[in-house]
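Each chain gets a letter, A, B and so on, in the order the sequences are listed, and its residues count up from 1.
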Amino acid sequence: METETKLASSHFIRNIVVGDLKSGKVKEVITRFPPEPNGYLHIGHAKSICLNFELADEFNGKTNLRFDDTNPLKEDTEYVQSIQEDVRWLGFEWDNLFFASDYFEYMYERAELLIRKGKAYVCELTADQMRETRGTLTQPGKNSPYRDRSVEENLDLFTRMRKGEFKDGEKILRAKIDMNSPNMNLRDPALYRISHTTHHNTGDAWCIYPMYAYAHPLEDALEGVTHSICTLEFEDQRPLYEWIINECETEHEPKQYEFARLNLTNTVMSKRMLKQLVDEHIVDGWDDPRMPTISGLRRKGFTPESIRAFAKEIGVSKSNSTVDERLLEHFIREDLKLKAQRTMAVLKPLKVVITNYPEGQSEQLEAENNSENPEMGNRFIPFSREIYIEQDDFMEVPPSKYFRLFPGNEVRLKNAYFIKCNEFIKDAEGNVIELHCTYDPETKSGTGFTGRKVKGTIHWVDAKLALPAEFRLYEPLIMDAEKEEGDSFLEHINPNSLEIIEGFVEPTLKESEAQHKFQFFRHGYFNVDSKNSTDQRLVFNRIVSLKSSFDARS
RNA sequence: UGGGGAUUAGCCAAGCGGUAAGGCAACGGACUUUGACUCCGUCAUCUCAGGUUCGAAUCCUGAAUCCCCAGCCA
């Protein structure tokens, strides 16, 4: 069992860690999860969170939560709150909570060191000029005319940058590396820019802010991070990361490793796009159940366990990949299978009158809360002359292999009796609006009746005592299948991603608490919506449907 | 066309010179008071072409395809 677990989580970064520990290269594993507080966390972040926390945990190491807040223009405390909440909800506790902005003074001092070593200079090229002189993928760049300023002049200018003597964009601190490098990242990259912007953490203490490429390695070094794990697009920056570490003469020498970020079918996973969906009110906020955000998945009804199991199963590698959303669904079904109470809900009601059941009579029928988990006990549900069944469970003219109700056919009502359909009533438009059936008292559930068998079992609720409820059925927000080269993701938003319908649930669900999860027989797993559900009006989000091998077309 | 990566089944992914794990999906079948669950079964010679070797997904050579880099974003 133990071995199995370890095998399942074996991946190339873990192999590196094992090797480093064995060779003595590192004594302890220290990782970090370094989000920029500029949006909500999504399932892709969850992959990274699980990787960093579980890796350190396995080897008794440490993991820091560090906000990479070096760009005040985009960052906000709302996000630092939500990020902490989401990491904790996933089940992880950080050893330290840090902010990159806590290190600004150190970073500034290291920048001065670079200047003194002749490794950085203050450049006065405009952004446009910098772009023009950077060269292209196939052509080398040109040296900035400010590249060979004296150390004294650079130091003076940099000090004055900090003091606020210059406007945004007027000057910039650049590393002096190599304008001819085939690696664009090494063509004298920017280290510090001027931005007279209030920072969520440091207020107006600074008007110059370090760039990611400069700040990140120093943050890792300061925290003694041993394995700095990031995504593939930073591979090209590894030489710069190492240059910063070397030239800044840090005490610790963290190493950067890159893995492939997660993509899921039928969804978008970029903070920019997710933010757009929120800002343009295409969804109901960052926690809309259609969002792949942690908060969206939580509101939809996913559990931390299911997300962690998913993260483990998809593995960690360097190849770009898009995981089938059905794998995620598999894990929530798996997790809820034994945890969720199994109850009955009718989403699209069709009234059934049981003509031979005495008027005014009713009874309480006993039902298992989870037939696969007897510890969950039993409950009683009311039954009487009028019930609702699912519209889909009756057909006037059934196809072959239709096991449900049709004229003359008998089915079992889950936890109740066999009923046989005798008549159906239509409205003016020809829609079936009511069924007249008869029941057989001898077939009561639990009596062990074996007189005859029926092929189908359908669910139902008592018409008088059932609770009206709202059901929100979700479909993918984005349709991959329609995508073509160059399309905007907005063109592929599924107009039917949310369907709201009104139906009924068993009275036993009265006063269900927010976030409580149920299995509705033959429908799927549902979660009590945390924003809209009240005691007066229950609102359920469908987490995932049950699998079905029934094909209505045949 | 410069540099950095990747390529094992429909989708993920192990494998590290000794004869292709596992999961999801799919498809058969059994069972069934959920057309669910469960159970049983089916499902790859590893991008291609050469080479080395008794033996290659693993090593070498060459090619193809895909991804990333020209922010004062991260």
**Q.** Pair listing, ring pair (Phe, Tyr, Trp, His ring centres under 6.0 Å) test, anchored in residues 173-198 of chain A, at least two apart
**A.** F158(A)-Y192(A), Y192(A)-Y214(A)
**Q.** hbond_proxy Q519(A) side chain to U34(B) base (donor-acceptor, 3.5 Å cutoff)
**A.** yes
Q | Under 3.5 Å side-chain donor-acceptor pair for T508(A) and E506(A) | A | yes
Q. Name the one of Y525(A), F520(A), F504(A) that satisfies ring-ring contact (aromatic ring centres under 6.0 Å, His included) with F540(A)?
A. F520(A)
Q | Pairwise salt bridge (Lys or Arg N to Asp or Glu O under 4.0 Å) hits with a residue in residues 187-200 of chain A, at least two apart | A | R147(A)-D188(A)
Q) Taking the nucleotide of RNA chain B with the closest heavy atom to each, which residue, V323(A) or H330(A), is nearer the 5' end? A) V323(A)
**Q.** Contact list for residues 127-138 of chain A, test salt bridge (Lys or Arg N to Asp or Glu O under 4.0 Å), sequence neighbours left out
**A.** D128(A)-R131(A)
Q. Do the charged groups of D440(A) and K420(A) touch, with an N to O distance under 4.0 Å?
A. no
Q. Among all residues two or more places apart in sequence or in another chain, which pass the side chain to side chain contact (heavy atoms under 4.5 Å, CB included) test with S445(A)?
A. R412(A)
Q | Sugar-phosphate or base contact per nucleotide [nucleotides 1-8 of chain B; S, B, -; heavy atom under 4.0 Å] | A | SBBSSS--
Q.
It should be established whether R134(A) places a side-chain nitrogen or oxygen under 4.0 Å from OP1 or OP2 of nucleotide G71(B).
A. yes
Q: Kindly confirm whether the side-chain ring of F521(A) is stacked on the base of A36(B), judged by centres under 5.5 Å and planes under 30°.
A: no
Q.
One thing to verify: whether E219(A) and R32(A) come together as a salt bridge, which I'm taking to mean a side-chain N less than 4.0 angstrom from a carboxylate O.
A. no
Q: With sequence neighbours excluded, tell me which residues meet side chain to side chain donor-acceptor pair (under 3.5 Å) with R110(A).
A: none
Q) Counting only non-hydrogen atoms, which of residues 264-271 of chain A are less than 4.0 Å from RNA chain B? A) none
Q) How far, in whole Å, is U58(B) from C46(B) if one measures between their C1' atoms? A) 10 Å
**Q.** Counterpart residues, side chain to side chain contact (heavy atoms under 4.5 Å, CB included), relative to E329(A) (two or more places apart)
**A.** R326(A), R333(A), V544(A)
Q.
Is G71(B) syn or anti, taking syn as a glycosidic angle within 90° of 0?
A. syn
(Q) If I pick the P atom on G3(B) and the same atom on U42(B), what distance separates them, to the nearest angstrom? (A) 49 Å
Q: Could you tell me which residues satisfy side chain to side chain donor-acceptor pair (under 3.5 Å) with S48(A), sequence neighbours excluded, listed by chain and number?
A: N52(A)
Q: Please figure out whether I172(A) or S445(A) has its closest RNA chain B nucleotide nearer the 5' end.
A: S445(A)
Q: Dot-bracket notation for RNA chain B is requested: 5' to 3', Watson-Crick or G-U wobble pairs only, both distances under 3.5 Å, with ( ), [ ], | and . as defined.
A: .(((((((.[[[..)..(...]]].(((((.......)))))....[[[[[..)....]]]]])))))).....
Q: Considering only atom P, compute the distance from G18(B) to C12(B) and round it to an integer number of Å.
A: 27 Å
Q) With no hydrogens and no angle check, do the side chains of H330(A) and E313(A) hold a donor and an acceptor under 3.5 Å apart? A) no
Q. Is there any ring pair (Phe, Tyr, Trp, His ring centres under 6.0 Å) pair reaching into residues 32-52 of chain A, and which pairs are they, with sequence neighbours excluded?
A. Y40(A)-Y79(A), Y40(A)-W286(A), H42(A)-H45(A)
Q: Quickly work out the F234(A) CZ to C73(B) P distance and round it to whole Å.
A: 14 Å
Q: Specify the residues of residues 69-79 of chain A, ordered by number, for which at least one heavy atom lies under 4.0 angstrom from an atom of RNA chain B.
A: T70(A), N71(A), K74(A)
Q. Heavy atoms under 4.0 Å, any strand shown: does Y525(A) hit a base, just sugar-phosphate, or nothing?
A. nothing
Q) From I16(A) CD1 over to H227(A) NE2, what is the distance, rounded to the nearest 0.5 angstrom? A) 8.0 Å
